Chemist: 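Handing you this structure, nothing more for now.
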Amino acid sequence: MILSPKIALPISDGMCYLPVESIIRVQAEGTYARVIVESNTPSMTVCKVLKDFEKVLLQHQFLRVHRTHLVNLRHIRSFHRSDGGYLVMSNGDEVPVSRRGKDWVQQHLMELAYRV
């Protein structure tokens with residue numbers, strides 16, 4: 001039996017363990033980060049900065065697409081170059097892509113698509 005990797009998130013009264021693949025995206029909110037997950041699970045705000053998540057999640061097919069957004073590549077549904085560039089995620093969220101990184105993100109997504 002192969003177990004999916006999990007991430008431990010500090011919450012107010014302990015720890016919450018989530019499968020990495022259930023995380024759609026992580027959004028920076030000052031010195032906190034909001035973790036948005038799939039299904040009916042509410043998002044969680046944790047006392048960690050986005051860089052902490054980036055260190056752990058980059059090895060699990062996550063990509064930093066903006067200074068405030070880290071996304072799970074498995075949950076990207078579409079990429080739009082209009083309006084400065086944004087991604088549509090599996091839950092319908094629209095995530096901005098940095099202007100300087102727009103071409104890099106598009107190239108990265110194209111490379112992944114050809115590997116399927």
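Along the sequence shown, residues carry numbers from 1. Heavy-atom basis, side chains included; hydrogens, waters and symmetry copies ignored. Nothing here was measured: the structure is a model prediction, and the numbers come from that model.
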Chemist: Please find the pair of heavy atoms, one from A8 and one from Y17, that lie closest to each other, and give the distance.
Modeler: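 Nearest heavy atoms, A8 then Y17: CB-CE2, 3.5 Å.
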Chemist: Any side-chain heavy-atom pair from L9 and V35 closer than 4.5 angstrom?
Modeler: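 A side-chain contact under 4.5 Å exists here.
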Chemist: Before giving the answer on side-chain contact (heavy atoms from CB on, under 4.5 Å), spell out for H66 and V95 the whole-Å C-alpha distance, their side-chain angles and the decisive distance to 0.1 Å.
Modeler: CA-CA 8 Å; H66 189 273; V95 177; 5.6 Å; no
Chemist: Rounded to the nearest 0.5 Å, what separation is found between the CG atom of D93 and the CD1 atom of I36?
Modeler: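 These two atoms lie 6.5 Å from each other.
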Chemist: Applying salt bridge (charged side-chain N to carboxylate O under 4.0 Å, His left out), name anything that partners R77, two or more places apart in sequence or on another chain.
Modeler: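 Salt bridge (charged side-chain N to carboxylate O under 4.0 Å, His left out) list for R77, sorted by chain: empty.
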Chemist: Sequence neighbours excluded and cut-off under 3.5 Å, please list the side-chain donor-acceptor pairs for residues 42-58, or say none.
Modeler:
{"residue": "D52", "atom": "OD2", "partner": "V49", "partner atom": "N", "Å": "3.4"}
{"residue": "E54", "atom": "OE1", "partner": "R64", "partner atom": "NH1", "Å": "2.7"}

Chemist: Would you say that H108 contacts L73 through its side chain, given a criterion of any heavy-atom pair below 4.5 Å between the two side chains?
Modeler: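 They are in contact (side-chain heavy atoms under 4.5 Å apart), so the answer is yes.
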Chemist: For a quick test of reading the model, state the closest non-hydrogen atom pair linking P96 to H69 and the distance between them.
Modeler: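 For P96 and H69, the tightest heavy-atom pair comes out as CD-NE2, 3.6 Å.
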Chemist: Taking the side chain as everything from C-beta on, heavy atoms only, tell me whether E38 gets closer than 4.5 Å to S90.
Modeler: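 Sidechains of S90 and E38: no contact.
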Chemist: Let me confirm one number: the OG-CD distance from S78 to E94, rounded to the nearest 0.5 Å.
Modeler: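 Answer for the OG-CD pair, S78 versus E94, is 8.0 Å.
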Chemist: By salt bridge (charged side-chain N to carboxylate O under 4.0 Å, His left out), which residues pair with E29, not counting sequence neighbours?
Modeler: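 Result, salt bridge (charged side-chain N to carboxylate O under 4.0 Å, His left out) vs E29: R34.
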Chemist: Treating Ile, Leu, Val, Met, Phe, Trp and Tyr as nodes and any side-chain heavy-atom pair under 4.5 angstrom as an edge, say whether M89 and L109 lie in one connected cluster.
Modeler: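 Looking at the clustering, L109 is in the same group as M89.
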Chemist: Distance from D103 atom CG to S98 atom OG, nearest 0.5 Å?
Modeler: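 Rounded to the nearest 0.5 Å, the CG-OG separation comes to 10.0 Å.
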Chemist: Identify whether V65 and F62 are in the same connected component of the hydrophobic contact network (ILVMFWY, side-chain heavy atoms under 4.5 Å).
Modeler: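 Per the 4.5 Å side-chain linkage, V65 and F62 are not co-clustered.
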Chemist: What verdict does the side-chain contact (heavy atoms from CB on, under 4.5 Å) test give for L70 and R25, after you've listed the backbone C-alpha separation in whole Å, the side-chain angles of each residue and the deciding distance to 0.1 Å?
Modeler: CA-CA 6 Å; L70 182 66; R25 64 188 181 92; over 6 Å; no
Chemist: When rounded to the nearest 0.5 angstrom, what is the spacing between CZ in F79 and CG in L87?
Modeler: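 So the CZ of F79 and the CG of L87 are separated by 6.5 Å.
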Chemist: Closest heavy-atom contact between V20 and K6?
Modeler: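 Nearest heavy atoms, V20 then K6: CG2-C, 4.1 Å.
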Chemist: Going by the side-chain contact (heavy atoms from CB on, under 4.5 Å) test, name the single residue among N72, N91, V26, L18 that passes it with V37.
Modeler: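 Per the side-chain contact (heavy atoms from CB on, under 4.5 Å) rule, the option paired with V37 is L18, out of N72, N91, V26, L18.
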